[in-house]
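Since the structure comes first, as structure tokens, the remarks are kept for the end.
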Amino acid sequence: MTPVITAFESSPDRGRGLARDMQVRWAFEEVGQPYDVRLLSFKAMKEAAHIGMHPFGQIPTYEEDGLVLFESGAIIFHIAERHPGLLPTDANARARAISWMFAALNTVEPPITAREAAILMERDQPWHEARLPLVEDRIRKRLGELSARLGDSEWLDGDFSAGDILMISALRRLGRSSLLAENDNLASYVARGEARPAFQRAFAAQLKVFKAAAKA
Ligand SMILES: N[C@@H](CCC(=O)N[C@@H](CS)C(=O)NCC(=O)O)C(=O)O
């Protein structure tokens, strides 16, 4: 069976490829695995049929031959385990690439999503103006550490891996903020990821969905 993932029927990011189906699409494209997409409205995401697949009522999910997965990191790990190209074959290098997957999701992305929440949901709070710089300083600290480790390497650890997909996807969430540009090598790293043909195909596919919804 062709794997089926879920995505927003109309993404609130307006086609910028920040919804987390984007990184799953990217992983599929990197390994050359065709996939289908089931689009969901916000209402459908919170209904029992979807909650049965995703306990938190979110996208993306993954379905294939009776297997249902949620969490973009777990889905990408599953894809990477079943297809060559996203995890090294050498056991130690593979373990290190998996460490980078966790680092992207557990260490780098959390302060970035805290900033998104501060901007999107906490603007009206009396403490917003005081909190935002604190959150941004936490991001700066992480990016400085990541930048020091990346140095002038092309990817995080040798060949491009699933760790790079997740790390670049986390960094892309900074959008037009100057935080990324403060570290030239991280900005170039993201640009290198975005220039990959697999990224471009994934980006075009999610943009097509957004444009179709905008027209409807
Ligand atoms: N940790 C989850 C996060 C999933 C997530 O936040 N999904 C967002 C879209 S990127 C969503 O469905 N938001 C709608 C909602 O939470 O109601 C993952 O990586 O899959």
Side-chain angles (χ1 to χ4, degrees), residues 3-30 33 35-64 67-82 86-87 97-122 135 139 142 156 161-177 190 193-194 199 202-210 212-214:
V4 180
I5 61 166
T6 49
F8 286 129
E9 185 178 74
S10 176
S11 180
D13 76 354
R14 307 190 56 77
R16 285 185 297 146
L18 298 179
R20 289 174 176 83
D21 58 293
M22 173 63 206
Q23 45 261 53
V24 174
R25 291 173 185 268
W26 186 6
F28 277 136
E29 293 289 350
E30 288 285 350
Q33 168 65 54
Y35 62 97
D36 290 328
V37 182
R38 192 151 40 76
L39 300 175
L40 295 175
S41 64
F42 269 91
K43 182 170 170 288
M45 283 165 58
K46 306 303 173 194
E47 286 170 357
H50 187 65
I51 302 281
M53 296 203 324
H54 194 309
F56 309 114
Q58 296 182 313
I59 60 97
T61 55
Y62 171 105
E63 296 156 72
E64 186 185 21
L67 172 68
V68 177
L69 297 175
F70 59 96
E71 285 295 331
S72 55
I75 295 169
I76 290 171
F77 183 54
H78 179 78
I79 295 169
E81 283 214 302
R82 272 148 191 81
L86 287 179
L87 284 175
I98 294 168
S99 296
W100 280 115
M101 295 179 72
F102 279 88
L105 297 170
N106 281 354
T107 304
V108 175
E109 190 172 297
I112 295 175
T113 46
R115 176 176 175 272
E116 284 172 3
I119 292 170
L120 295 173
M121 294 183 291
E122 298 168 1
V135 173
I139 297 174
R142 281 286 175 260
L156 290 169
S161 78
D164 293 296
I165 291 187
L166 288 168
M167 189 63 81
I168 291 168
S169 300
L171 297 175
R172 289 189 72 248
R173 305 190 76 83
L174 290 165
R176 293 182 205 93
S177 116
V190 170
E194 291 178 338
F199 177 96
F203 187 87
Q206 62 78 39
L207 184 59
K208 194 169 158 197
V209 172
F210 176 73

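When a ligand or atom number is given, it counts from 1 through the structure's own listing order. For the numbers below, each heavy atom of this structure counts, side chains included, while hydrogens, waters and symmetry mates do not.
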Decide whether the shortest distance between a heavy atom of Phe56 and an atom of ligand 1 is less than 4.0 Å.
no
Atoms in ligand 1 flagged as close to Lys46, the criterion being non-hydrogen separation under 4.0 Å:
15 (C), 16 (O), 17 (O)
Atom 13 (N) of ligand 1: which protein heavy atom is closest, and how many Å away?
Phe8 CZ, 3.7 Å
Atom 4 (C) of ligand 1 sits nearest the protein heavy atom Gln58 OE1, 3.3 Å
Any donor-acceptor pair under 3.5 Å from Asp164 side chain to Ser161 backbone:
yes
So, Phe8 versus Phe210, ring centres under 6.0 angstrom or not?
no
Any donor-acceptor N or O pair under 3.5 Å, side chains Glu64, Tyr62:
yes
Is the closest basic N to carboxylate O distance between Lys43 and Glu9 below 4.0 Å?
no
Going by the atom numbers of ligand 1, which of them fall below 4.0 Å from some non-hydrogen atom of Pro60?
20 (O)
Nearest non-hydrogen atom to atom 14 (C) of ligand 1 belongs to which of Met22, Arg173, Gln23, Met45?
Met45
Quick check: do Leu166 and Ile76 have side-chain heavy atoms less than 4.5 Å from each other?
yes
State the atoms of ligand 1, each with its element, that fall below the 4.0 Å cut-off from a heavy-atom position in Ile59.
4 (C), 5 (C), 7 (N), 8 (C), 9 (C), 12 (O)
Can you say whether the rings of Phe56 and His54 are parallel (under 30°), tilted (30 to 60°) or perpendicular (over 60°)?
perpendicular
Nearest non-hydrogen protein atom, atom 1 (N) of ligand 1
Glu71 OE1, 2.7 Å
Of the protein's non-hydrogen atoms, which lies at the shortest distance from atom 6 (O) of ligand 1, and what is that distance?
Arg20 NH1, 3.2 Å
Looking only at protein heavy atoms, identify the closest one to atom 19 (O) of ligand 1 and say how far it is in Å.
Ser72 OG, 2.6 Å
Is any side-chain heavy atom of Thr61 less than 4.5 Å from a side-chain heavy atom of Leu69?
no
